[in-house]
Chemist: 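What follows is a structure written as structure tokens; I'll ask about it next.
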Amino acid sequence: MPELPEVETIVRALRSGGRGGLPILNRTVESTEVLWSKTLASPTLDELHIQVRGQIVKDVLRRGKYIIIQLDRGYLLIHLRMSGDLRVTSAIKDTPLPHDRFVLRFADGIRLIFNDARKFGRVWFTRDPEQILGKLGVDPFDPSLTAPFLFSNLQSKKKHIKSLLLDQSFLAGLGNIYTDESLHRAGIHPLRLSNSLTKPEAGRLLQAIRDTLEEGINRNGASIDWVYRGGDFQNCFRVYQLTGKPCPVCGTIIERIIAGQRGTHFCPRCQPKGV
DNA sequence: CCTGAAACCTGTCTGC
DNA sequence: TGCAGACAGGTTTCAG
């Protein structure tokens with residue numbers, strides 16, 4: 001499901017409410033429950049219990065697609081992967097759902113519940129988050145990511161641009177939807193080699209990525225299928241899952257190819273293959 | 001260093 | 001109706 005805008009939407013809801021949920025800031029952890037053992041990546045269940053009990057939620061942050069729940073002494077990290085979602089339930093209205101995998105129960109009875117149909121999502125508790133987050137590349141909104149910096153990074157690699165943008169160690173936060181949408185907005189073919197992009201193209205790409213993500217965040221993410229609800233960015237797609245439909249810019253029929261094992265949508269006219 | 005395939009999983013949709 | 005196959009917002013690991 002979730003790429004940067006969906007994760008950002010969830011993080012904001014955990015900080016200050018939204019999506020029909022309650023904020024979790026300043027609540028005290030009482031206990032944890034693991035309903036699918038693989039969901040807890042580390043430490044062990046016993047160790048987790050000992051470590052987090054009594055700790056207070058100090059902040060909720062995002063890095064790439066990771067949700068960071070900052071406690072007094074340590075961090076809970078959550079990655080939603082393909083089908084994960086988080087909800088906060090009050091003590092009264094607390095109906096368990098199919099696919100609930102992990103529960104953080106607070107002293108006041110409120111629960112943070114991790115639901116994940118496909119079981120790919122993971123939760124970590126660690127004192128040193130960099131151990132897990134350190135491999136991530138720069139965040140798209142990081143001011144240190146300038147057009148010249150992106151250009152030189154693109155030059156240093158020789159990969160299909162679509163695959164490179166999906167590589168979280170290169171840039172942290174883009175997934176399949178926002179990559180396709182950003183490349184269309186920038187007018188760049190998904191199979192162009194990264195080191196073939198010109199300086200102006202790198203500048204356009206950076207702007208397109210930021211504009212696309214910002215629009216996604218403003219619309220609370222994209223709701224597709226049964227997995228994620230609440231956003232409406234799906235109504236603004238230009239190419240994603242629009243195979244056979246006309247490009248909103250030029251009317252050419254949108255094509256679908258496979259790039260880096262992922263379904264990839266583009267306009268052959270707005271995004272020519274030739275340099 | 002790069003690509004492609006497979007693995008981890010379940011749910012939904014399409015076509016026969 | 002039933003069933004097989006394709007496909008899905010992600011990441012890691014391994015072979016070539």
Side-chain angles (χ1 to χ4, degrees), chain A residues 1-11 35-42 62-67 77-86 97-102 114-124 131-137 140 153-183 190-196 209 212-213 215-217 219-244 256-265:
Chain A
M1 157 185 75
E3 306 180 29
L4 189 153
E6 290 77 27
V7 174
E8 180 66 26
T9 300
I10 289 169
V11 164
L35 299 110
W36 174 256
S37 63
K38 285 188 179 176
T39 296
L40 180 62
S42 73
R62 178 192 60 75
R63 175 102 156 73
K65 301 174 193 170
Y66 284 83
I67 294 161
L77 304 181
I78 301 175
H79 199 303
L80 305 171
R81 294 278 174 92
M82 292 286 266
S83 59
D85 197 8
L86 289 173
L97 294 178
H99 317 309
D100 283 349
R101 308 297 183 197
F102 178 83
F114 177 48
N115 186 280
D116 181 24
R118 288 178 71 179
K119 300 179 176 173
F120 289 164
R122 293 293 180 264
V123 175
W124 298 259
Q131 204 180 338
I132 293 156
L133 305 176
K135 59 186 185 330
L136 291 177
N153 286 348
L154 290 169
Q155 288 291 304
S156 70
K157 303 273 184 180
K158 190 178 179 180
K159 280 176 79 168
H160 292 147
I161 187 65
K162 160 109 184 188
S163 300
L164 187 57
L165 293 179
L166 285 174
D167 182 346
Q168 302 300 299
S169 69
F170 183 79
L171 188 64
L174 288 186
N176 211 30
I177 292 178
Y178 293 90
T179 301
D180 282 4
E181 293 294 315
S182 298
L183 285 172
L191 295 182
R192 288 275 303 282
L193 290 178
S194 54
N195 65 352
S196 80
I209 289 169
T212 305
L213 291 175
E215 194 178 350
I217 291 169
R219 294 183 167 276
N220 298 316
S223 307
I224 303 183
D225 301 335
W226 44 279
V227 182
Y228 175 90
R229 298 158 314 286
D232 62 349
F233 183 63
Q234 69 277 9
N235 299 321
C236 301
F237 288 170
R238 302 176 179 207
V239 289
Y240 185 77
Q241 284 190 354
L242 294 174
T243 315
R256 181 182 187 275
I257 58 173
I258 301 293
Q261 291 183 277
R262 312 298 299 278
T264 298
H265 317 74

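Note that the structure is a prediction, hence the values are computed from the model and not measured. Chain identifiers are assigned alphabetically (A, B, ...) following the order of the sequence lines, protein sequences preceding nucleic acid strands; residue numbering begins at 1 within each chain.
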Chemist: With respect to A:Thr264, which candidate in A:Leu166, A:Ile258, A:Ile257 satisfies the side-chain contact (heavy atoms from CB on, under 4.5 Å) definition?
Modeler: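 Passing option: A:Ile257.
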Chemist: Find the distance A:Leu171:CG to C:dT11:P and express it as a whole number of Å.
Modeler: 12 Å
Chemist: Hey, is NZ on A:Lys135 packed in by over 12 heavy atoms from elsewhere, all under 6.0 Å?
Modeler: yes
Chemist: With sequence neighbours left out, what residues match A:Thr243 under side-chain contact (heavy atoms from CB on, under 4.5 Å)?
Modeler: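 Testing A:Thr243 for side-chain contact (heavy atoms from CB on, under 4.5 Å), a comparison that skips the adjacent residues, returns A:Arg256, A:His265.
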Chemist: Which residues pass the salt bridge (charged side-chain N to carboxylate O under 4.0 Å, His left out) test with A:Arg238, sequence neighbours left out?
Modeler: none
Chemist: Does a salt bridge link A:Lys157 with A:Asp167, judged by any charged N lying under 4.0 Å from a carboxylate O?
Modeler: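 A:Asp167 and A:Lys157: not salt-bridged.
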Chemist: May I ask you to verify if any side-chain N or O of A:Lys135 is less than 4.0 angstrom from the OP1 or OP2 atom of C:dT11?
Modeler: no
Chemist: What is the distance, to the nearest angstrom, from the CG atom on A:Leu193 to the C1' atom on B:dT3?
Modeler: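 One finds 12 Å between C1' of B:dT3 and CG of A:Leu193, rounded.
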Chemist: Could you check if a side-chain atom of A:Glu181 sits within less than 4.5 angstrom of a side-chain atom of A:Val239, using non-hydrogen atoms only?
Modeler: yes
Chemist: Is A:Leu80 close to A:Tyr228 at the side-chain level, that is, under 4.5 Å between some pair of heavy atoms?
Modeler: no
Chemist: Using side-chain heavy atoms (C-beta onward) and a distance below 4.5 Å, is A:Ile161 in contact with A:Leu154?
Modeler: yes
Chemist: Taking the side chain as every heavy atom from C-beta outward, state whether A:Arg219 and A:Thr9 have any atom pair closer than 4.5 Å.
Modeler: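 Not in contact.
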Chemist: Please measure how far the P atom in C:dC7 lies from the corresponding atom in B:dC9, and state the result in whole Å.
Modeler: 22 Å
Chemist: Between B:dC2 atom C1' and A:Leu191 atom CG, what is the distance in whole Å?
Modeler: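 Rounding to the nearest Å, CG of A:Leu191 and C1' of B:dC2 are 14 Å apart.
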Chemist: Given C:dT11, is OP1 or OP2 found less than 4.0 Å from the side-chain N or O atoms of A:Gln168?
Modeler: yes
Chemist: Counting only heavy atoms and a strict 4.0 angstrom limit, can you tell me which residues of residues 154-162 of chain A come near DNA chain B?
Modeler: A:Lys157, A:Lys158, A:Lys159, A:His160
Chemist: Defining pairs by Watson-Crick or G-U wobble geometry with both distances under 3.5 Å, how would you list the stems of DNA chain C with at least three pairs each?
Modeler: B:2-8 with C:10-16, B:10-16 with C:2-8
Chemist: Report the distance from atom CZ of A:Arg63 to atom P of C:dT11, rounded to the nearest whole Å.
Modeler: 13 Å
Chemist: Once you round it to whole Å, what is the distance between P of C:dT11 and CG of A:Asp116?
Modeler: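 Between P of C:dT11 and CG of A:Asp116: 13 Å.
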Chemist: Would the number of heavy atoms belonging to other residues, nucleotides or ligands and lying under 6.0 Å from CD of A:Gln131 be above 12?
Modeler: no
Chemist: Please state how far atom CZ in A:Phe170 lies from atom P in B:dT3, giving the value in whole angstrom units.
Modeler: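 The distance from CZ of A:Phe170 to P of B:dT3 comes to 13 Å, rounded to the nearest Å.
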Chemist: Give, ordered by number, those residues of residues 230-241 of chain A having at least one heavy-atom distance below 4.0 Å to an atom of DNA chain B; if nothing qualifies, reply none.
Modeler: none
Chemist: Under 30°, 30 to 60°, or over 60°: which ring-plane class applies to A:Phe233 and A:Tyr178, parallel, tilted or perpendicular?
Modeler: parallel
Chemist: Sticking with atom C1', work out how far B:dT10 lies from C:dT1, rounded to a whole angstrom.
Modeler: 22 Å
Chemist: Could you encode protein contacts along nucleotides 8-16 of chain B as a string, one character per nucleotide from 5' to 3', using B for base contact, S for sugar-phosphate-only contact and - for no contact, with a heavy-atom cut-off of under 4.0 Å?
Modeler: BBBSS----
Chemist: So among A:Arg81, A:Gln168, A:Glu8, which one has a side-chain contact (heavy atoms from CB on, under 4.5 Å) with A:Lys65?
Modeler: A:Gln168
Chemist: Indicate yes or no for a side-chain donor-acceptor contact from A:Thr179 to the backbone of A:Leu174 under 3.5 Å, with no hydrogens or angles considered.
Modeler: no
Chemist: So do A:Arg229 and A:Asp85 actually touch side chain to side chain, heavy atoms under 4.5 Å?
Modeler: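 Answer yes - side chains close enough.
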Chemist: Round to the nearest Å and state the distance from A:Gln261 atom CD to C:dT12 atom C1'.
Modeler: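 Atom CD in A:Gln261 sits about 11 Å away from atom C1' in C:dT12.
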Chemist: In this structure, how many angstroms lie between the C1' atom of C:dT12 and the OH atom of A:Tyr66, rounded?
Modeler: 10 Å
